[in-house]
Protein chains: 2
Amino acid sequence: MANSTLDRFDRAILAILQEDNTTPQRRIGELVHLSAAAVQRRIRRLEQTGVIQANVAQLDPARLGRAITLIVEISVESERLDLLDATRARLAAAPEIQQCYYVTGESDFVLIVTVATMAEYQALTRRLFFADGNVKSFRTQVVMDRIKTGTRIPVD
Amino acid sequence: MANSTLDRFDRAILAILQEDNTTPQRRIGELVHLSAAAVQRRIRRLEQTGVIQANVAQLDPARLGRAITLIVEISVESERLDLLDATRARLAAAPEIQQCYYVTGESDFVLIVTVATMAEYQALTRRLFFADGNVKSFRTQVVMDRIKTGTRIPVD
DNA sequence: GGTCTCGATGCAACATTGTTGCAGGCTCAC
DNA sequence: GTGAGCCTGCAACAATGTTGCATCGAGACC
C-alpha cells in the first residue's frame, strides 16, 4: 500500500498539483489526457497512500508581519537519545520555527526561523537555546534574500 | 492595495488555509463565524493582494524517489553584484534545489537540496559548484531526520 | 486459444462547493 | 442627519467534485 509505483499519469498530476492544487480536475484531465473521473480517483489514491501529504496555502511572511528569516545551526552537548529527543520536541513545537532538520556534520540541528523583530528572536534564543541545558552553542545567519522557497520536488 | 491590514477574520481564515486549503468555504464560515460568501470574498482579496502566494500540494520526497535531503552552505569568492546574480540565478534554476537563501555571516548561500542518490548529489556539485568560478567553497550537511518541514507561518 | 479475474477507464447523473446579484446594515466624514 | 463606501447574509446560479455502471485490456490459468 505504501509502495505502489507511480506511472507517468501520476507524476504529471503531481507536477500540476505541486504548482497549483486549485486546478480543476477537468483541466488536469485535458493536460494529462485522462477523464476528470480518472484524475479524481488517482488524486484520492495519492492522498491515501501518503504521496500527497497535505494541501496548503503558502503565505507571504512579510505580509503577516514576519519580515525576518533566520537560519540557525545548533550544536548539542550530548547525543544521548533522551536529551536529543527532548530538544527535538521543543524545537518542533515552536511556531516561529518553520523548518527543523536533524543533521550530520559540525552542527546537530538546522532551523529556519521567522520573526517580526530581532527582539523576538532574542526572546526565542533565551526560551529555546539558553534554557535548554543540552544546547552547547548556536550560530545564526540572517537571510537577506529568500531566493527560492517552498516545497517543490522534481517528479521526473 | 499591497498593504491592507488583516483583521482577525482574515487571520483565522489564513490559519485554516495554511493547514488545509481544501476546507470548504462553508466550513470555514462556520469556524470563523462568517457566511461562505464573505469567506470567499476575503480569500479572493487575500490572493489578489499577495498575502496568499500559492495553493499547492505537498509531496513526500521519499515516495518520489528522493530519500536524501542535504543542507549546503556556499561561500563565494567575490561579492561583485554581477557574479553574485549569476550564481543566484543558476541556483534558483536547479530543480534539485528546493530552497535557496542568500545570507549574512560565514557563508553566502544556504541551500536545501533533495536527491535520490549521493551520486546525483556529486553530479550536482560538479555542475553547480565546481563549474561556477565564483564558488569558493561549500559545506554539506546530510539530513538524518526532517523533524519539521513546510511553509507554515504563525498568523498571530 | 479460451476464459476468468482484476484493475482501470469514460460517460453520465448526481452531490457538493464556489460564485455572484441584491438588499440591507454599519461606520465615518461633513 | 445623510450620503458614500464597505462589508455582510441570503438565495439563486455556475462550476467542480464524486460515484454507479458498463466496458476495455492485461495477465493468470487451464
Side-chain angles (χ1 to χ4, degrees), chain A residues 1-60 62-65 150-153 155-156, chain B residues 1-60 62-65 150-153 155-156:
Chain A
M1 132 132 184
N3 246 337
S4 51
T5 111
L6 306 175
D7 64 17
R8 68 185 186 84
F9 288 117
D10 289 324
R11 290 178 186 273
I13 291 169
L14 290 172
I16 293 166
L17 294 181
Q18 207 176 198
E19 299 289 330
D20 179 6
N21 70 355
T22 67
T23 312
Q25 295 173 352
R26 284 162 170 74
R27 176 82 188 119
I28 299 175
E30 293 169 16
L31 293 172
V32 306
H33 305 297
L34 278 179
S35 69
V39 170
Q40 136 80 10
R41 293 182 193 111
R42 281 170 180 269
I43 292 175
R44 184 156 45 91
R45 187 167 51 78
L46 291 167
E47 284 173 343
Q48 284 173 346
T49 59
V51 179
I52 296 175
Q53 294 186 314
N55 287 287
V56 304
Q58 290 184 343
L59 311 184
D60 181 349
R63 302 296 302 282
L64 285 158
T151 57
R152 198 165 311 164
I153 298 162
V155 295
D156 287 341
Chain B
M1 130 135 186
N3 248 337
S4 51
T5 111
L6 307 175
D7 63 17
R8 67 185 187 87
F9 289 117
D10 290 323
R11 291 177 186 273
I13 291 169
L14 290 172
I16 293 167
L17 294 180
Q18 208 176 196
E19 299 288 332
D20 179 7
N21 70 354
T22 67
T23 312
Q25 296 173 351
R26 283 163 169 75
R27 175 84 187 116
I28 298 175
E30 293 169 17
L31 293 171
V32 306
H33 305 297
L34 278 178
S35 70
V39 170
Q40 137 79 10
R41 294 183 193 109
R42 282 170 180 268
I43 291 176
R44 184 156 43 92
R45 188 167 49 79
L46 291 167
E47 284 172 345
Q48 284 173 347
T49 59
V51 180
I52 296 175
Q53 294 185 315
N55 287 286
V56 305
Q58 289 184 342
L59 311 184
D60 181 350
R63 301 296 303 283
L64 285 158
T151 56
R152 199 165 310 165
I153 298 161
V155 295
D156 288 340

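Chain A is the first sequence line, chain B the second, and so forth, proteins listed ahead of strands; every chain is numbered from 1. Owing to the predicted nature of the structure, the values given are computational and were not obtained by experimental measurement.
- Within the 4.0 angstrom heavy-atom criterion, no nucleotide atom of any strand lies near A:R27.
- A donor-acceptor distance shorter than 3.5 angstrom exists from the side chain of B:Q18 to the backbone of B:I153, with no hydrogens or angles considered.
- Across A:N55 and A:E47, no two heavy atoms sit closer than the pair ND2-OE2, 3.1 Å.
- Between B:L34 and A:Q25, the residue anchored nearer the 5' end of DNA chain D, judged by the nucleotide with its closest heavy atom, is B:L34.
- Between A:R42 and C:dT9, a side-chain N or O to OP1/OP2 separation shorter than 4.0 Å is present.
- Rounded to whole Å, atom P of D:dC7 lies 12 Å from atom CD1 of B:I13.
- Side chain of A:Q58 to main chain of B:V56: no donor-acceptor pair is present (N/O by atom type, distance under 3.5 Å, no hydrogens or angles).
- Rounding to whole angstrom units, CZ of residue A:F9 and P of C:dA8 are separated by 13 Å.
- In this model, the phosphate group of C:dG18 is not approached by any side-chain N or O of B:Q40 to a distance below 4.0 Å at OP1 or OP2.
- Residue contacts shown for A:A37 include a base, since a base heavy atom lies under 4.0 Å away.
- We find that CZ of B:R26 is positioned 11 Å from C1' of D:dC10, with the value rounded to whole Å.
- Following rounding to the nearest Å, B:E30 (CD) and D:dG9 (C1') show an atom-to-atom distance of 15 Å.
- The CG atom of A:L14 sits 5.5 Å away from atom CD1 of A:I52, with the distance rounded to the nearest 0.5 Å.
- Counting distance only, with no hydrogens placed and no angle test, the side-chain atoms of B:R41 and the base atoms of C:dG18 include no donor-acceptor pair under 3.5 Å.
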